[in-house]
S.K.: 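Quick one: the structure is below, and I'll ask about it shortly.
The figures that follow rest on heavy atoms only: side chains count, while hydrogens, waters and symmetry mates do not.
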Amino acid sequence: MAVGNYKVQKLHKPVDWVVEVPGSKSMTNRALLMAALADGTTTLKGVLFSEDSRNFLGSLKSLGFQTKIDENAKIVTVQGCNGTIPVTSGEIYVGSAGTAARFLTAMLAMAEGTFVINASEQMKKRPMKPLFKVLEELGAEIVCLDKEGFLPVQIKGIRGRRPADERCSVKLDISESTQFLSALLLVSSMIKQGLHIEITSARKDGSYIQITRKMMEQFGAVVAFDGERYHIKSGMKYQSGCYQIEPDVSAACYFYAAAVLTGGRTVVKNVTWNCMQGDLKFLKLLEKMGAEVNDTPDGIEVRGASNGKLKGITVDMKDFSDQTMTLAALAPFADSDVRIENIGHIRLQESDRIHAIATELTRLGIACEEEKDAITIHPGIPKPAVIQTYEDHRMAMAFALVGLRSAGIEISDPMCCRKTFETYFNVLDSLCK
């Protein structure tokens with residue numbers, strides 16, 4: 001794809017698409033971590049190759065883990081070291097990947113040795129303090145090298161410095177990010193005496209935490225949860241083997257939304273109701289807006305209502321908030337207001353996503369009201385505009401959808417999508433042609 005703005009091609013007929021999307025970013029990075037901590041060789045299939053996953057893989061290599069990579073086959077083989085790190089000093093770069101930043105910070109805090117974690121300017125702005133606080137309570141020594149509570153940091157791990165029989169019990173606030181909890185759960189195999197985590201925030205669980213727990217169970221480690229506390233028993237370890245990563249439902253939702261916008265149909269290969277990703281809830285939302293959702297032998301199919309008619313809706317998107325931008329792109333074409341609630345935490349992600357949505361809708365001439373943790377979007381006719389993307393892959397991919405129905409839409413910095421789906425605009429081009 002050429003460097004510069006991406007000009008979206010307005011479609012003049014309903015889509016009829018069968019699409020294959022990359023593997024899940026969330027599952028890829030979780031699987032990479034557990035494979036590294038397992039005892040023996042693990043083969044991961046359906047791996048996503050993107051900026052985020054490459055930074056995760058690069059970090060594992062910097063830490064001495066042996067890996068074999070076949071991008072064409074989407075396979076990565078990792079030689080696990082049974083909960084230890086092959087080296088005792090070094091530096092890793094996590095880029096803009098929140099999963100890599102949170103998960104690898106926790107892993108190095110549990111290890112033996114001293115390490116430096118560096119990150120992109122974008123990731124340096126994202127919150128880390130609640131995780132740092134808990135890791136320090138467990139005995140890690142963390143020195144912030146720039147701004148307190150943020151990356152980059154130097155970490156001295158606890159292994160060999162904490163009594164092996166000392167009970168590990170911590171309290172954690174996950175209101176800013178559930179990745180803090182996922183990080184602790186994923187590295188709990190490194191704490192041989194087990195781990196108790198009491199959640200102090202109003203939010204106790206979430207779709208991505210459920211993915212973490214399900215994947216840990218698939219790797220042989222069970223997490224108990226009583227509604228307030230998470231408990232990992234002593235002696236837990238990950239089993240090596242072969243693991244299949246699901247297709248990325250978050251990516252699939254953009255193509256499903258295109259069917260709804262144009263009154264057409266989209267099938268995304270291998271996306272089924274058995275997938276564990278929370279963004280499947282977006283398909284139920286599309287049904288409420290007038291779409292039809294069906295099972296097919298190839299994957300779930302979404303059919304839009306004739307002429308792309310959409311119903312307005314009020315929805316709590318806390319548990320599938322990555323699709324907030326996708327719904328915002330559909331909202332101008334609804335027959336009444338679309339109100340999205342309980343999404344305050346997305347202000348702390350790749351961009352302040354609520355403000356970014358409001359700003360770009362206003363640029364399109366669409367009226368909306370931005371609140372602390374909600375946004376209300378009124379129907380309207382989008383005018384031609386160049387959409388700013390704020391180095392945020394989901395802003396780029398979601399707002400391109402507007403241009404399928406309204407002429408004159410361009411996407412600035414389209415290649416920010418390389419964070420999770422580097423060929424997205426190439427795929428969109430080929431489908432539109």
S.K.: For the salt bridge (charged side-chain N to carboxylate O under 4.0 Å, His left out) test, which of D319, D322, D316 pairs with K281?
M.R.: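 Exactly one pass, corresponding to D319.
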S.K.: Does a side-chain N-to-carboxylate-O contact under 4.0 Å join E137 and K133?
M.R.: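 Yes, charged N to carboxylate O under 4.0 Å.
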S.K.: Counting distance only, does the side-chain N/O of S120 pair as donor-acceptor with the main-chain N or O of M123 below 3.5 Å?
M.R.: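 Answer holds: yes.
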S.K.: List in chain and number order the residues that pass side chain to side chain contact (heavy atoms under 4.5 Å, CB included) with N270, two or more places apart in sequence or in another chain; answer none if no residue qualifies.
M.R.: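 Once residues adjacent in sequence are excluded, the partners of N270 under the side chain to side chain contact (heavy atoms under 4.5 Å, CB included) criterion are P247.
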S.K.: For residues 50-109, which residue pairs qualify under ring pair (Phe, Tyr, Trp, His ring centres under 6.0 Å), counting only residues two or more places apart or in two chains?
M.R.: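 Passing the test, one end in residues 50-109: no pairs.
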S.K.: Side chains of R30 and T212: do they bring a donor and an acceptor to under 3.5 Å?
M.R.: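 Side chains of R30 and T212: pair found under 3.5 Å.
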S.K.: Is K45 atom NZ crowded by more than 12 heavy atoms from other residues, nucleotides or ligands, each under 6.0 Å away?
M.R.: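 Not more than 12 within 6.0 Å, no.
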S.K.: Taking atom types as modelled, is there a side-chain donor on S175 or D173 under 3.5 Å from an acceptor on the other?
M.R.: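 The criterion, which ignores hydrogens and geometry beyond distance, is satisfied for D173 and S175.
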S.K.: What's the verdict on side chain to side chain contact (heavy atoms under 4.5 Å, CB included) for L172 and Y230, showing C-alpha distance, side-chain angles and the deciding distance?
M.R.: CA-CA 11 Å; L172 178 67; Y230 293 83; over 6 Å; no
S.K.: State which residues pass side chain to side chain donor-acceptor pair (under 3.5 Å) with E360; sequence neighbours excluded, sorted by chain then number.
M.R.: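 E360: side chain to side chain donor-acceptor pair (under 3.5 Å) contacts with R363, Y390.
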S.K.: Any side-chain heavy-atom pair from F225 and I197 closer than 4.5 angstrom?
M.R.: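 SC-SC contact between F225 and I197 ruled out.
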S.K.: Run the side chain to side chain contact (heavy atoms under 4.5 Å, CB included) check on T28 and L44 step by step: do they pass?
M.R.: CA-CA 8 Å; T28 292; L44 305 177; over 6 Å; no
S.K.: Are the side chain of Q323 and the backbone N or O of S250 linked by a donor-acceptor pair below 3.5 Å?
M.R.: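 Indeed, once roles are kept as given, a pair shorter than 3.5 Å links the two residues.
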S.K.: What residues, two or more places apart in sequence or in another chain, satisfy side chain to side chain donor-acceptor pair (under 3.5 Å) together with T376?
M.R.: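 With sequence neighbours excluded, T376 shows a side chain to side chain donor-acceptor pair (under 3.5 Å) to R339, given in chain and number order.
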S.K.: Any chance you could lay out the side chain to side chain contact (heavy atoms under 4.5 Å, CB included) test for T359 and Q388, step after step, and finish with the verdict?
M.R.: CA-CA 9 Å; T359 301; Q388 301 305 305; over 6 Å; no
S.K.: Does the pair D298/K269 count as a salt bridge with the N-to-O cut at 4.0 Å?
M.R.: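 No, no charged N to carboxylate O under 4.0 Å.
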S.K.: Please say which of Q122, E391, E350 ends up in a side chain to side chain donor-acceptor pair (under 3.5 Å) with S96.
M.R.: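 Passing option: Q122.
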S.K.: Any non-hydrogen side-chain atom of T42 less than 4.5 Å from a side-chain atom of F219?
M.R.: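 Heavy-atom side-chain distance check passes, below 4.5 Å.
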S.K.: Hey, could you give me the CD/CD1 distance between E369 and I375, rounded to the nearest 0.5 Å?
M.R.: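 If we round to the nearest 0.5 Å, E369:CD and I375:CD1 are 8.5 Å apart.
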S.K.: How long is the straight-line distance from OG of S351 back to NZ of K125, given to the nearest 0.5 Å?
M.R.: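 Here the rounded value is 10.5 Å.
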S.K.: On a heavy-atom basis, which atom in D248 and which in K25 lie closest, and how many Å separate them?
M.R.: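 Answer, listing the atom of D248 first, then K25: OD2-N, 4.1 Å.
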S.K.: Distance-only, no hydrogens or angles: does the S188 side chain make a donor-acceptor pair with backbone N or O of L185 under 3.5 Å?
M.R.: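 Yes; judged by distance alone, with no hydrogens or angles, the pair exists.
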S.K.: Calculate, to the nearest 0.5 Å, the distance between atoms CG and CG belonging to L280 and L285 respectively.
M.R.: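 One finds 12.5 Å between CG of L280 and CG of L285.
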S.K.: Is the shortest side-chain heavy-atom distance between M276 and Q210 below 4.5 Å?
M.R.: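 No - every pair of side-chain heavy atoms lies 4.5 Å or more apart.
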S.K.: Can you name the closest pair of heavy atoms from M27 and M215 and give their distance?
M.R.: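 Of all heavy-atom pairs spanning M27 and M215, the closest is O-CE, 3.4 Å.
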S.K.: List in chain and number order the residues that pass side chain to side chain donor-acceptor pair (under 3.5 Å) with T389, two or more places apart in sequence or in another chain; answer none if no residue qualifies.
M.R.: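 Residues passing side chain to side chain donor-acceptor pair (under 3.5 Å) with T389: none at all.
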S.K.: What residues form a side chain to side chain contact (heavy atoms under 4.5 Å, CB included) with K311, not counting sequence neighbours?
M.R.: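 With neighbours one apart ignored, the set is D335.
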S.K.: Tell me if a side-chain donor or acceptor on R102 pairs with a main-chain N or O of A183 at a distance below 3.5 Å.
M.R.: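 Not confirmed, R102 side chain does not pair with A183 backbone.
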S.K.: Could you give the distance from CE (M107) to OG1 (T84), rounded to the nearest 0.5 Å?
M.R.: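 The CE atom of M107 sits 10.0 Å away from the OG1 atom of T84.
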S.K.: Which residues pass the side chain to side chain contact (heavy atoms under 4.5 Å, CB included) test with S50, sequence neighbours left out?
M.R.: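 Partners of S50 by the side chain to side chain contact (heavy atoms under 4.5 Å, CB included) criterion, ordered by chain and then number, come out as L48, D52, S53.
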S.K.: Give the minimum heavy-atom separation between E136 and I142, together with the two atoms involved.
M.R.: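 Residues E136 and I142, closest heavy atoms: OE2-O, 3.4 Å.
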S.K.: Examine distances only and state if a side-chain atom of E301 and a backbone atom of T296 form a donor-acceptor pair shorter than 3.5 Å.
M.R.: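 Checked: no pair found.
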S.K.: Just by distance, do the side chain of R159 and the backbone of M190 share a donor-acceptor pair under 3.5 Å?
M.R.: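 Looks like yes, one N/O pair under 3.5 Å.
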S.K.: Can you list everything that forms a side chain to side chain contact (heavy atoms under 4.5 Å, CB included) with E292? Sequence neighbours excluded, please.
M.R.: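 Once residues adjacent in sequence are excluded, the partners of E292 under the side chain to side chain contact (heavy atoms under 4.5 Å, CB included) criterion are N294, R303.
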S.K.: Quick one: closest heavy-atom pair of I354 and G344, and the distance?
M.R.: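 Shortest heavy-atom contact: CD1-CA, 4.2 Å.
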S.K.: Do the side chains of K288 and V315 get nearer than 4.5 Å, heavy atoms only?
M.R.: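 The answer is no; the side chains never approach within 4.5 Å.
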S.K.: Suppose the criterion is ring pair (Phe, Tyr, Trp, His ring centres under 6.0 Å): which pairs have a residue in residues 193-218, not counting sequence neighbours?
M.R.: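 Checked against ring pair (Phe, Tyr, Trp, His ring centres under 6.0 Å) - neighbours excluded - the pairs reaching residues 193-218 are H196-H231.
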S.K.: Indicate yes or no for a side-chain donor-acceptor contact from T262 to the backbone of V15 under 3.5 Å, with no hydrogens or angles considered.
M.R.: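 Yes; judged by distance alone, with no hydrogens or angles, the pair exists.
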S.K.: For this output row, return yes or no: ring centroids of F255 and Y424 closer than 6.0 angstrom.
M.R.: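 Yes, the ring of F255 comes within the 6.0 Å limit of the ring of Y424, centre to centre.
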S.K.: Kindly indicate, with the supporting measurements, whether the criterion side chain to side chain contact (heavy atoms under 4.5 Å, CB included) is fulfilled by T362 and C368.
M.R.: CA-CA 7 Å; T362 301; C368 58; 4.1 Å; yes
S.K.: Could you pull out all residues at least two apart from E287 that satisfy side chain to side chain donor-acceptor pair (under 3.5 Å)?
M.R.: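 Side chain to side chain donor-acceptor pair (under 3.5 Å) list for E287, sorted by chain: empty.
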S.K.: Has K171 got more than 12 heavy atoms of other residues, nucleotides or ligands less than 6.0 Å from its NZ?
M.R.: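 Incorrect, the count does not exceed 12.
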S.K.: Of all the heavy-atom pairs spanning T326 and C253, show the shortest one and how long it is.
M.R.: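 So the minimum-distance heavy-atom pair works out to CG2-O, 4.1 Å.
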S.K.: Would you say F425 and I411 make side-chain contact, with heavy atoms under 4.5 Å?
M.R.: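 Result yes, sub-4.5 Å side-chain heavy-atom pair found.
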S.K.: Ring centres under 6.0 Å, that's the criterion: do F421 and Y254 meet it?
M.R.: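 So the answer is no for these two rings.
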S.K.: Please find the pair of heavy atoms, one from A328 and one from I357, that lie closest to each other, and give the distance.
M.R.: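 Heavy-atom minimum between the residues: CB-CG2, 3.6 Å.
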S.K.: Does any non-hydrogen side-chain atom of T314 lie less than 4.5 Å from one of D337?
M.R.: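 Counting from C-beta outward, D337 and T314 never come under 4.5 Å.
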S.K.: Distance-only criterion, 3.5 Å: show the donor-acceptor pairs between side-chain atoms of residues 233-240 and protein atoms not counting sequence neighbours.
M.R.:
| unit_1 | atom_1 | unit_2 | atom_2 | d |
| --- | --- | --- | --- | --- |
| Y238 | OH | L186 | O | 2.6 |
| S240 | OG | D39 | O | 3.0 |

S.K.: Do the non-hydrogen side-chain atoms of V402 and I387 ever get within less than 4.5 Å of each other?
M.R.: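 Answer no - side chains too far apart.
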S.K.: Between atom CD1 of I313 and atom CD1 of I340, what is the distance when rounded to the nearest 0.5 Å?
M.R.: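 I313 atom CD1 to I340 atom CD1 measures 9.5 Å (nearest 0.5 Å).
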S.K.: Once you round to the nearest 0.5 Å, how far does CD of Q154 lie from CZ of F115?
M.R.: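 Going from the CD atom of Q154 to the CZ atom of F115 covers 11.0 Å.
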S.K.: Is there a side-chain contact between L181 and D205 in this structure, where contact means two heavy atoms from C-beta onward sitting under 4.5 Å apart?
M.R.: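 A side-chain contact under 4.5 Å is absent here.
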S.K.: Tell me, which pairs form a side chain to side chain donor-acceptor pair (under 3.5 Å) where one or both residues lie in residues 64-78, sequence neighbours left out?
M.R.: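 Matches after skipping sequence neighbours: R54-E71.
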